[in-house]
Amino acid sequence: MATLIKSNPRLSAAMERTGQWVFSQDIPTDVIVEVKRANFSLHKFMLVAKSNLIRKLILETKEADLTRLDLSDIPGGIETFEKAAKFCYGVNFEITVHNVVALRCAAEYLQMTDKYCDNNLAGRTEDFLSQVALTSLSGTLVVLKSCEGLLPLAEDLNIVQRCVEIASAKACVEANFPSRSPPNWWTEELTILDIKFFEKIMKSMKSRGAKGLTLASAIITYTERSLRDLVRDHSGNGIKSSDSEESDTKTRQRKLLESIVALLPSETTAFPVNFLCCLLRTAIYLKADNSCKNELEKRISLILEHVTVDDLLVMSFTYDGERLFDLESVRRIISGFVEKEKNVAIFNAGDLREVCSIPMQRVAKTVDSYLGEIATYLELSISKFNGIASLVPKAARKVDDDLYRAVDIYLKAHPNLDEIEREKVCSVLDPLKLSHDARVHASQNKRLPVQIVLHAVYFDQLKLRSGGDDHIVPDALATRNQLQADVSLVKENEALRTELLKMKMYITDIQKTQGSSSSSSKGLVRKPTFFSSMSKTLGKFNPFKHGSKDTLNLDDGGVDITKPRRRRFSIS
């Protein structure tokens, strides 16, 4: 009887069954076959009749009587050898889609081929593969799945390639002509495979002319099944985003994600944009390779007009929703889309500064709403806030109400900003493009710097005086220059008012000082100085003291000549 490790009930059950059919031969065993931790007591003549390997080992041994064989390297391990030994003894057992590959590999290892013995184990397994296992998609995928632990022998026997070709052909047929409901049932079947085998099937389907949407359907299902917690679950339950330690699970998930991204077909509309955003958020969390993240960013930027605010938020926050990721990915996505629109405008002989496309206007509205959502987070700096807002061309915003809302939320969430910092935040706004309601709100908003308030009030008064339409701004450049000049003038007036107030206070202090000094010196007679007496003496000799006198033409009449007569100076 074979000796086994008692702590393993699986091995004990296998050996108990083996002992039953071995001792039923009523012939003493003469060889012990070691397979890892199990010892099988068997008969040489039964094994040699089917296995050329065992025959060689017995014939080529230098021992007089070989009683022990070590076959621990047999593919499939203990259970597979048990079935191979049963086959040698003629005991019936069931060949299934789960064990057929292991039996085929074991037959190759034991050299139990038809070349050595007719209708041997290798032939039996090959017949089962071709006639049963590989006739359906589900059976083929199960067989392919069982090859994962039997490499590279399963590849050398061409089992893997056969399964890949048959599975890809049947999947293409099911994609075009579904045989059952739901139509994409075959994508669920593919999820049992390892990523290497899944990749082989995707490439084989592509070579057969499968459409991008067909491949995308399979990739989405496979990703959501293999990375369920990261891609499907947006709540972040069970995921600690603050855990920076590198674990084996995280490493495996990162390699899996990078392999999936490498499989994405080139069609830009093959994948929903929210799926791509989830993949990018996962890539950021897993710290995937830059090439992986760049590929996802490029794909999202190409279809950014279909992105919603929720999609942008998905790839901006950690899984617990408490902290912001590095927003450089969002910046690169928006920048890539704007660059693409500029190239389209140039190709169409247009000017992006004058007229923006409908997708660009849609993206501008989405970006402004997105800024309003992230503005409440304290870790969002002014430079990052303004950087994202400035990526969108000003011409893409017909009105700046959404952007004004985002700016107001940012100022409210960051109350400790000084005047200069608040002006920097508001520098992305154009007060001339605010609606009437927004201008009224801005004129009463104490969080805004004075410059923006003056712009809003001045422009509102200008519209009232002109009586023009609120959405039509004639000569906007001149109006904006006038507003800037008025703001500068107001600042100068404020500075002058401050200086005058200081001067007034200074004069008041001087007057107070002089008043106190004059009261103390009352009753004292000032002595004449040298200069004062000299000026009085010289004044007596002034010839013009009593007016101009012409002594050449004096009449005897009593004409008053002390005051000269006014003359008209003329050519005559």
Side-chain angles (χ1 to χ4, degrees), residues 216 219-220 223-224 226-244 250 253-254 256-264 268-340 359 362-381 383-385 387-392 406:
I219 292 174
I220 291 173
T223 305
E224 291 180 345
S226 57
L227 297 172
R228 181 187 300 271
D229 293 337
L230 296 175
V231 176
R232 255 187 176 179
D233 187 5
H234 296 170
S235 63
N237 295 330
I239 298 177
K240 296 181 179 179
S241 58
S242 60
D243 186 10
S244 58
K250 204 170 180 180
Q253 290 174 339
R254 180 171 61 250
L256 176 61
L257 176 66
E258 292 173 354
S259 299
I260 290 173
V261 173
L263 287 176
L264 302 183
T268 58
T269 59
F271 294 93
V273 68
N274 59 343
F275 173 75
L276 296 175
C277 292
C278 290
L279 282 185
L280 180 56
R281 192 260 298 265
T282 304
I284 297 173
Y285 169 73
L286 296 176
K287 299 179 181 179
D289 188 74
N290 288 334
S291 60
C292 174
K293 291 188 288 187
N294 292 339
E295 176 64 22
L296 292 172
E297 291 169 1
K298 179 181 177 181
R299 288 176 175 272
I300 296 173
S301 66
L302 291 176
I303 53 175
L304 188 61
E305 66 267 24
H306 303 295
V307 173
T308 64
V309 178
D310 292 336
D311 296 330
L312 290 178
L313 293 176
V314 161
M315 59 185 177
S316 301
F317 288 98
T318 54
Y319 280 90
D320 54 11
E322 296 295 331
R323 295 182 297 108
L324 284 172
F325 278 132
D326 188 4
L327 299 180
E328 287 303 313
S329 291
V330 178
R331 286 174 52 88
R332 287 192 290 266
I333 289 171
I334 300 174
S335 178
F337 177 80
V338 173
E339 190 67 25
K340 183 199 75 170
R362 190 182 299 119
V363 168
K365 190 172 184 64
T366 303
V367 170
D368 292 345
S369 301
Y370 166 75
L371 288 172
E373 294 294 331
I374 66 174
T376 58
Y377 286 80
L378 297 178
E379 62 264 33
L380 181 63
S381 63
S383 59
K384 290 184 178 180
F385 180 86
I388 294 177
S390 302
L391 290 174
V392 178

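The closest side-chain donor-acceptor pair between T308 and D311 falls under 3.5 angstrom. Side-chain atoms of Y319 and T282 include a donor-acceptor pair closer than 3.5 Å.
The CE atom of M315 sits 12.0 Å away from atom CG of L279, with the distance rounded to the nearest 0.5 Å. Here the OG-CD distance, from S335 to E328, works out to 10.5 Å after rounding to the nearest 0.5 Å.
Put simply, the side chain of V367 reaches to within 4.5 Å of the side chain of I388, judged on heavy atoms. Using a 4.5 Å cut-off on side-chain heavy atoms (C-beta onward), F325 and V330 make no contact. Inter-residue side-chain proximity for I300 and I303 is flagged as unmet; no heavy-atom pair is nearer than 4.5 Å. Counting heavy atoms from C-beta outward, T268 and R299 have side chains that stay 4.5 Å or more apart. No side-chain heavy atom of L312 sits less than 4.5 Å from a side-chain heavy atom of C277.
Taking every heavy atom of both residues into account, L263 and I219 meet most closely at O-CD1, 3.6 Å. Of all non-hydrogen atoms in V231 and E224, the two that sit nearest each other are CG1-CG, 4.3 Å. A pairwise comparison of heavy atoms in K293 and A283 identifies CG-CB, 3.8 Å as the closest pair.
Using modelled atom types, no side-chain atom of E258 and backbone atom of C292 make a donor-acceptor pair closer than 3.5 Å. Judged by distance alone, with hydrogens and angles left aside, the side-chain atoms of R254 form a donor-acceptor pair with the main-chain N or O of L286 at under 3.5 Å.
Residues passing the salt bridge (charged side-chain N to carboxylate O under 4.0 Å, His left out) test with D368 are R397, sequence neighbours excluded.
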Worksheet entry | Pair L327-L380, side-chain contact (heavy atoms from CB on, under 4.5 Å): steps then yes or no | CA-CA 9 Å; L327 299 180; L380 181 63; 3.8 Å; yes
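Cation-pi contact between K250 and Y285: present, with separation from the ring centre below 6.0 Å and deviation from the ring axis of at most 45°.
Between E295 and K298 no salt bridge is recorded (no basic side-chain N to carboxylate O distance below 4.0 Å). Between R332 and E297 there is a salt bridge, since at least one side-chain N of the basic residue sits less than 4.0 Å from a carboxylate O of the acidic one.
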